[in-house]
2 protein chains.
Amino acid sequence: MVKELLEHIKTIYPLSAESQSALSEICKEIKFTKGENIQDIGHTCKTIYFVKKGVVRIYYFKDATDITESFEFENSFVARAESLFTGKPSRKAIQAIEDTTLIAIDSNKLFKFFNSYSDLERMFRKIIESSYVNTVNRIESLQFNTAEERYKSLLKDAPDTLKRIPLKYIASYLGITQVSLSRIRGLK
Amino acid sequence: MVKELLEHIKTIYPLSAESQSALSEICKEIKFTKGENIQDIGHTCKTIYFVKKGVVRIYYFKDATDITESFEFENSFVARAESLFTGKPSRKAIQAIEDTTLIAIDSNKLFKFFNSYSDLERMFRKIIESSYVNTVNRIESLQFNTAEERYKSLLKDAPDTLKRIPLKYIASYLGITQVSLSRIRGLK
DNA sequence: GTGATTATTTATCATATGATAAATTTTATC
DNA sequence: GATAAAATTTATCATATGATAAATAATCAC
């Protein structure tokens, strides 16, 4: 059941057998159907999800507009960092974009385990570090690239995104309206 | 010499006396004058700096344009994450905006210490977590706020920035040209 | 302090993206 | 499979921001 999760973790930082079974203890598999909210706006994030199958997005509303903050595909972790690490309710929601199977990890239990299993904390640190690097790169792209440049580099770096995600979600992810994205796609 | 650093760390995660002295061992104080580069473009980041006094910025060039990625004031840590965590040379530089005193922490030594001093790793994890939260929030602001909104929220959330940083740096930090920033400031 | 350099503002014009509306295509439902 | 609903595209017009240039203000170097 958590085989995929443990396999994926091996590529990040190898865990001892004890840590693997400790981690497995606090995992639970959950399924969501396309369109379903995994966690709602206003909820305080106390779960870290691993995407076993499917795709999810984090989104929120600015005024009445639905804005996608990020997507996560198979073999990625998802959590609303601003809530998980501050303990405050999140203004964001997590939603399944396809029928999705997740492994839910209880974050409080995980954080407690860090005291006894230091390799778990090491692994988690490495996950956060690489998430952090990703967001730094994303800032760079939003800071001074044009909408067209951002679209093209998404096309190049993550062609899967284009195949599996509705364009309206991709548009707000890129920081533009759906109509603008459509226009950019029509160019050439 | 590293008193300020240790004091600051207390507010993040308390370290044992041994960890404090281990950390102190791998710290070195360095001074830079206004305008001086602390680390150059093309260099691989192997140092984590703590700003004891002064301000620094991380910047890079897009085409020929100087773009400020971030500022760090007193009691903050600075490193070019995309290089530090990947081992690749950085396309970015770190520069002193004022005469600045830094504590330089050797990152390789620090990472080795994580094996013997788990509270050091814990502390470091918490620093990365909060940097990560900051970047996630910044993405949100760049994704769909107007230049004016971004300027006003900087004014509100970090009025010091406006006082100590030249506007040309603030402009690119906000993702706009200096001329646009000047126009926005002139409104009202 | 004086002149030179650098930073900031102001002005004008150009352009990318937004807003709105409508047409078309795709997907979902019964 | 027909109909309705949702997603995407196309078109038009409005506007925020960019590009460039020039004027002013602030800072630096001697």
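So that the names make sense, note that chain A is the first sequence line, chain B the second, and so on, each numbered from 1. Given the structure is predicted, the values throughout are model-derived calculations rather than measurements.
- At dT17(C), none of the side-chain N or O atoms of Thr177(A) fall inside 4.0 Å of OP1 or OP2 (strictly under the cut-off).
- Considering every non-hydrogen atom in both Ile30(B) and Ala104(B), the closest pair reads CD1-CB, 3.7 Å.
- The aromatic rings of Phe85(B) and Phe124(B) sit perpendicular to each other, their planes meeting at more than 60°, with 30° as the lower class boundary.
- Summary of helix geometry: the two end axes of the helix from dG1(C)-dC30(D) to dC30(C)-dG1(D), each defined by five base pairs via their C1' atoms, are inclined to each other by 60° (rounded to 10°).
- Taking the centre and axis of the six-membered ring of Tyr151(A), the NZ or CZ atom of Arg183(A) falls outside the cone set by 45° and 6.0 Å.
- Taking every heavy atom of residues 143-162 of chain A and every atom of DNA chain C, pairs under 4.0 Å involve Thr146(A), Ala147(A), by number.
- A side-chain donor-acceptor contact under 3.5 Å links Thr135(B) and Thr135(A).
- Between the CD1 atom of Ile97(B) and the P atom of dA7(C) there is a distance of 12 Å, rounded to whole Å.
- Looking at residues two or more places apart in sequence or on another chain, you find no side-chain hydrogen bond (donor to acceptor under 3.5 Å, both in side chains) involving Tyr117(B).
- Here the C1' atom of nucleotide dA25(D) and the NZ atom of Lys168(B) are 15 Å apart, to the nearest Å.
- Both cation-pi conditions hold for Arg57(A) and Tyr169(A): the charged atom is under 6.0 angstrom from the six-membered ring centre and inside a 45 degree cone around its axis.
- Side-chain N/O atoms of Arg185(A) include one lying less than 4.0 angstrom from OP1 or OP2 on dT9(D).
- Taking the six-membered ring where the residue is Trp, Phe61(A) and Tyr59(A) present perpendicular rings, their angle passing 60° and hence far from 30°.
- Residue pairs meeting the salt bridge (charged side-chain N to carboxylate O under 4.0 Å, His left out) criterion with at least one partner in residues 28-42 of chain B, sequence neighbours excluded, are Glu29(B)-Lys52(B).
- With rounding to whole Å, Leu167(A) atom CG is found 17 Å from dA6(D) atom P.
- One interatomic measurement links the two molecules: CG of Leu181(A) to C1' of dT10(D), which rounds to 14 Å at whole-angstrom precision.
- Within 6.0 Å of NZ on Lys62(B) lie more than 12 heavy atoms contributed by other residues, nucleotides or ligands.
- Between Asp63(B) atom CG and dG18(D) atom P the separation is 14 Å, expressed in whole Å.
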Side-chain donor-acceptor contacts of residues 43-51 of chain A below 3.5 Å, not counting sequence neighbours, with atom names and distances?
unit_1: His43(A); atom_1: ND1; unit_2: Gln39(A); atom_2: OE1; d: 3.4
unit_1: His43(A); atom_1: ND1; unit_2: Arg80(A); atom_2: NH2; d: 3.0
unit_1: Tyr49(A); atom_1: OH; unit_2: Gln39(A); atom_2: NE2; d: 2.9

Next item on the list: Quick one, give me the B/S/- string for nucleotides 20-30 of chain C, reading 5' to 3', where B means a protein heavy atom under 4.0 Å from the base and S means that only happens at the primed atoms, P, OP1 or OP2.
Entry: BB------S--
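- In this structure, the side chain of Arg150(B) engages the main chain of Leu174(B) through a donor-acceptor pair within 3.5 Å.
- One atom, CD1 of Ile67(B), and another, C1' of dG18(D), lie 13 Å apart when rounded to the nearest Å.
- A cation-pi contact links Arg138(A) to Tyr173(A), judged by a cut-off of 6.0 Å to the six-membered ring centre and 45° from its axis.
- Taking the side chain of Arg183(B) as heavy atoms from C-beta on, and the options dG18(D), dT8(D), dT9(C), the nearest nucleotide is dG18(D).
- Here the nucleotide nearest the side chain of Ser180(A), chosen from dT17(D), dT10(C), dG18(C), is dG18(C).
- The NZ atom of Lys62(B) sits 10 Å away from the P atom of dA19(D) (whole-angstrom rounding).
- Counting any heavy atom pair closer than 4.0 Å across all strands shown, Gly35(B) reaches no nucleic acid atom.
- In this entry the distance linking CD of Gln178(B) with C1' of dA25(D) reads 13 Å, nearest Å.
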